[in-house]
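Residues: numbered from 1 along the sequence shown.
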Amino acid sequence: MPALSHGRQPDREPDPALAWFGEVPGHGLLDVESASMARVLAASPSLPWAWFGVAAASPPLGRGVALRRSADGFDGAVRCRLPLPLASEAFGAVLLQHVFDDGVDCAPLLSECARILAPGGRLWLATLNPWSPYRLRWAGSGLHARDAGHWQTMLRASGFAADPVSLQWLGPRWRVAHGEAGVGAADVLRAGVALTLTKRVHAAIPPGRLQQLRWQTGLGQAGLANAGLPQAAQSGRVDSGRSDARRGASVPSATDRNDAAAVARIARIAPDRSDATRGGAQQR
């Protein structure tokens with residue numbers, strides 16, 4: 001895939017509040033975030049990236065699509081609105097740099113990010129930290145800072161329900177020229193926070209194997225043979241059309257009649273043999 005153009009600057013800023021990032025305090029935060037984006041891309045699959053940011057921010061280098069917030073949607077490589085004219089699961093990384101800090105509804109764009117991000121790809125979301133003393137520098141500008149818990153809830157609602165989220169605090173605490181990144185206790189006072197997650201592949205659970213039900217007699221084959229049941233009962237088959245309940249009695253087969261005749265002959269011969277035996281004993 002050829003390298004895609006970063007495009008032109010947006011014709012109009014979507015909200016005057018986002019113009020704060022073009023000032024010196026805003027650049028102090030954006031400069032630190034550039035290095036953080038480079039680390040995310042280094043750990044992402046070798047697919048193009050998609051970057052969404054404000055006009056004052058610069059997209060990363062390499063293959064990707066760069067779109068900036070504009071008054072009418074997005075401007076850059078393409079000029080578009082939501083839903084995005086981008087293929088599903090085509091990007092190895094999706095980078096969101098302060099595109100929600102003017103208070104816009106984030107759910108539609110996050111849902112699109114879940115769609116275009118490939119399995120195993122990484123989502124990176126940079127936003128302002130409401131607990132930083134640096135907030136006094138954007139006070140009165142119209143920017144809206146929301147805590148990390150809010151963003152985790154929005155990510156789960158947008159299609160990243162089972163994906164763990166890692167946090168990193170970015171930028172200066174107060175002095176513009178002292179911007180760094182970290183995850184320690186002292187870093188929670190930095191100007192910005194970045195949330196990173198990896199889109200997991202959820203394996204589908206195949207349907208369970210259906211069990212074939214058959215008639216259970218409660219006796220084994222040897223028990224059925226000893227009980228003198230016919231062959232049909234030994235094999236476990238039940239003929240509902242010939243049930244005794246519907247016909248009253250079953251009709252004996254030719255084999256059953258032959259067996260009955262043989263038993264009768266044996267019964268007639270057995271008494272004669274017993275009498276002959278007793279007579280011979282008396283003569284002796």
Side-chain angles (χ1 to χ4, degrees), residues 9-10 12-23 25-30 32-34 36-37 40 49-60 64-76 79-84 86 91 93-117 121-132 134-135 137-161 163 165-171 190-197 199:
Q9 296 287 334
R12 291 182 297 162
E13 191 71 28
D15 193 303
L18 297 181
W20 176 85
F21 292 98
E23 301 176 1
H27 278 292
L29 176 59
L30 297 178
V32 179
E33 293 174 347
S34 298
S36 179
M37 285 191 296
V40 170
W49 45 258
W51 174 86
F52 303 87
V54 296
S58 299
V65 176
L67 297 175
R68 291 180 171 88
R69 281 279 311 277
S70 66
D72 299 326
F74 297 93
D75 203 353
R79 179 175 295 177
C80 61
R81 296 180 179 178
L82 296 177
L84 299 171
L86 302 175
F91 297 91
V94 174
L95 311 170
L96 303 169
Q97 193 171 14
H98 299 288
V99 290
F100 303 126
D101 286 345
D102 59 344
V104 68
D105 183 15
C106 59
L109 181 55
L110 288 179
S111 298
E112 283 293 283
C113 292
R115 179 184 64 84
I116 66 175
L117 185 61
R122 308 192 75 184
L123 175 75
W124 182 83
L125 169 62
T127 183
L128 296 174
N129 181 11
W131 310 114
S132 173
Y134 207 76
R135 67 182 181 273
R137 296 190 180 275
W138 70 69
S141 64
L143 294 175
H144 298 269
R146 287 163 283 192
D147 59 14
H150 168 82
W151 293 113
Q152 290 176 333
T153 301
M154 296 305 301
L155 289 171
R156 286 194 297 267
S158 302
F160 300 100
D163 303 319
V165 179
S166 62
L167 301 177
Q168 185 183 37
W169 288 268
L170 308 165
R190 296 192 180 277
V193 59
L195 297 88
T196 307
L197 60 83
K199 183 178 179 180

Would a 4.5 Å heavy-atom cut-off, applied to side chains only, mark [X] and [Y] as touching?
| X | Y | result |
| --- | --- | --- |
| Leu29 | His98 | yes |
| Leu30 | Gln97 | yes |
| Trp51 | Pro60 | yes |
| Leu67 | Asp75 | no |
| Phe160 | Val165 | no |

Using only atom types and a distance under 3.5 Å, with no angle test, would you say the side chain of [X] pairs donor to acceptor with the backbone of [Y]?
| X | Y | answer |
| --- | --- | --- |
| Ser166 | Thr196 | yes |
| Arg115 | Leu84 | yes |
| Arg135 | Ala145 | no |
| Lys199 | Leu123 | no |
| Tyr134 | Asn129 | no |
| Trp20 | Arg137 | yes |
| Asp102 | Leu18 | no |
| Arg68 | Ala57 | yes |

*asked:* Surrounding CZ of Arg81 (heavy atoms of other residues, nucleotides or ligands, distance under 6.0 Å), is the total greater than 12?
replied: no
_Under a plain distance cut-off of 3.5 Å, with no hydrogens placed, do Ser36 and Trp124 share a side-chain donor-acceptor pair?_
yes
